[in-house]
A.B. asks: 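Pasting in a structure now, in structure tokens, and then I'll have a few things to ask.
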Amino acid sequence: MQNARKISDDIWWLGASDRRIELFENVYPVPNGVSYNNYLILDEKTCLLDGVDDTVTNRFLENLEFALNGRKLDYMVVQHMEPDHCSAIPQLTAKYPKLQIVTSAQALKMISQFYRLDLTDRAIIVKEGAALKLGKHELSFVGAPMVHWPEVLMSFDASTGTLFSADAFGSFGALDGNIFADEVDWEKDWADEARRYYVNIVGKYGVQVQAALKKAAGLEIKMICPLHAHIWRKDFDKLLSRYSKWASYEPEVKSAAIFYGSIYGNTANAADILAAKLAEKGVRNIKVFDSSKTDISEMVSRAFEYSTLVFASATYNAEIFDRMHYLLTDLKNHNLAGRTVGLIENGTWAPMAAGLMKKQLESMKDMNVVEPIVKIRSGVSDENMEQLEALAVKLAESLS
Ligand SMILES: Cc1cc2nc3c(=O)[nH]c(=O)nc-3n(C[C@H](O)[C@H](O)[C@H](O)COP(=O)(O)O)c2cc1C
Ligand SMILES: [Fe+2]
Ligand SMILES: [Fe+2]
């Protein structure tokens, strides 16, 4: 049965949620599931914007049939050719022989790569500035390269002020009936997951996201329709102000996030001692993460959120301990920049973690490592206590 939703006079949401999924992109844990949204405009021409993931294709096809109410599908806009939004292209092109695919030249090539389907004769190739007239609606296309994939187009319908924003402005998390952001307590229940989604999916491409935001600022937007999570009808600033911070790598919270990697617990002890000292010096909302337990995607997200980061690691086979190594590599891969950093290392016979962490940080932009570096040689010593105090003083000063 159908679960399609009308979001304006003649625009439909045809999405579906997947709560069974463990890992989005087979890497990011999604304990609250994920939604795949797509949209249908019913005008003189009928036009679908994107598809969904394999897992919810049947739901989507039922919704589509219901919303079309006997009409044929004229166009399908493929804003980017990532499989989580494109699974039904083979079925749809078979079911609607007159259906035309509206997409970029690059995405058309990708369709043939994924599905061995040559749609050249049924394609309308568009790029930034092109338009598609549907009747009273006219979609104009806005390039947003790397706001997930290189060929991303967003689509703007000036007649209703609707921006179909592709993967931008989405979030992890299934939709629970309320498909509009103004129907939920977004700040409380969704902002953290929206950040984790943004940072991990497109955090690397801040420059390109800023360019897309600039283009969006020139449009008279009344509704934002992303491919994941809620539709936005108002309070755009809640989302846009965060996006502009995330895209420019500016922290949201002036406080310290401490990440540690510890085998026997001594490095963890040092991390907790530092946290306590910071708290005593007035720093609030400190967070401490055990890198062996916290998912990397969550830690990367928190590193984007916080102004001051402390990395504490035991030495492990002449390397940074396990997932701390991965965390630092991932932060670099996501182009995180401009943080104040404290370092704590541990090692019993040939400590190397601090030097290696510092090297990683030096390859990133504007990472300001604060002295002293705390150097533990197994258990926390009296000298280490002094170093931790000195580091806490410096970090607290930088936060005041
Ligand atoms: C598999 C393994 C490899 C290790 N490799 C090193 C090493 O290369 N250099 C070193 O100084 N210590 C090494 N250590 C020892 C720990 O880094 C050291 O005992 C440290 O104090 C542990 O801190 P923790 O209590 O926070 O786990 C290794 C330990 C293990 C289990
Ligand atoms: Fe995508
Ligand atoms: Fe997506």
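Ligands are counted one by one from 1 in listed order, and the atoms in each one are counted from 1 as well.
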A.B. asks: Specify whether Y198 and Y243 have parallel, tilted or perpendicular ring planes, treating 30° as the upper limit for parallel and 60° as the lower limit for perpendicular.
C.D. replies: perpendicular
A.B. asks: Salt-bridged, K133 to E44, with N to O below 4.0 Å?
C.D. replies: no
A.B. asks: With atoms numbered from 1 as shown, which atoms in ligand 1 lie under 4.0 angstrom from a non-hydrogen atom of A350?
C.D. replies: 9 (N), 10 (C), 11 (O)
A.B. asks: Among all protein heavy atoms, pick out the one at the shortest distance from atom 1 (C) of ligand 1; state its residue, atom name and that distance to 0.1 Å.
C.D. replies: Y316 CE1, 3.4 Å
A.B. asks: May I ask you to check whether I263 has an N/O atom sitting below 3.5 Å from an N/O atom of ligand 1?
C.D. replies: yes
A.B. asks: With a cutoff of under 4.5 Å between side-chain heavy atoms, which Ile, Leu, Val, Met, Phe, Trp and Tyr residues group with L227?
C.D. replies: none
A.B. asks: Can you say whether the rings of W232 and W186 are parallel (under 30°), tilted (30 to 60°) or perpendicular (over 60°)?
C.D. replies: perpendicular
A.B. asks: Quick check: does any side chain N or O of N200 sit under 3.5 Å from a backbone N or O of R196, one acting as donor and the other as acceptor?
C.D. replies: yes
A.B. asks: Among D10, D157, D43, which residue meets the salt bridge (charged side-chain N to carboxylate O under 4.0 Å, His left out) test with K136?
C.D. replies: D10
A.B. asks: For atom 15 (C) of ligand 1, find the nearest protein heavy atom and state the residue, atom name and distance (0.1 Å precision).
C.D. replies: W349 CZ3, 3.7 Å
A.B. asks: Which of the atoms of ligand 1 are close to S262, meaning less than 4.0 Å from one of its heavy atoms?
C.D. replies: 24 (P), 26 (O), 27 (O)
A.B. asks: Give yes or no for whether the N/O distance cutoff of 3.5 Å, strictly under, is met between G265 and ligand 1.
C.D. replies: yes
A.B. asks: What protein N/O/S atoms are there under 2.8 Å from the Fe ion (ligand 2), waters excluded?
C.D. replies: H80 NE2, E82 OE1, H148 ND1, D167 OD2
A.B. asks: Identify which of T348, V380, N266 has a heavy atom lying nearest to atom 25 (O) of ligand 1.
C.D. replies: N266
A.B. asks: Check for a donor-acceptor pair, side chain of S87 on one end and backbone N or O of V52 on the other, with a separation under 3.5 Å.
C.D. replies: yes
A.B. asks: Return the residue, atom name and 0.1 Å-rounded distance of the protein heavy atom closest to atom 22 (C) of ligand 1.
C.D. replies: Y264 CD1, 3.6 Å
A.B. asks: Would you mind finding which of G261, A318, A268 brings a heavy atom closest to atom 8 (O) of ligand 1?
C.D. replies: A318
A.B. asks: Charged N to carboxylate O under 4.0 angstrom, K281 versus E389?
C.D. replies: yes
A.B. asks: Taking everything shown except E22 itself, do over 12 heavy atoms lie less than 6.0 Å from its CD?
C.D. replies: no
A.B. asks: I would like to know whether F172 and H228 meet ring pair (Phe, Tyr, Trp, His ring centres under 6.0 Å); could you show each step before the answer?
C.D. replies: CA-CA 7 Å; F172 295 134; H228 302 281; 8.1 Å; no
A.B. asks: Could you pull out, from I376, N317, N346, the option with a heavy atom nearest to atom 21 (O) of ligand 1?
C.D. replies: N346
A.B. asks: Test D50 against every option in H85, Q79, H80 by the side chain to side chain donor-acceptor pair (under 3.5 Å) rule and name the one that passes.
C.D. replies: Q79
A.B. asks: Under a 4.0 angstrom heavy-atom cut-off, which atoms of ligand 1 come close to T267?
C.D. replies: 23 (O), 24 (P), 26 (O)
A.B. asks: So F259 and F311, would you call those rings parallel, tilted or perpendicular, with 30° and 60° as cut-offs?
C.D. replies: parallel
A.B. asks: Got the closest protein heavy atom to atom 7 (C) of ligand 1, with its distance?
C.D. replies: T315 CG2, 3.6 Å
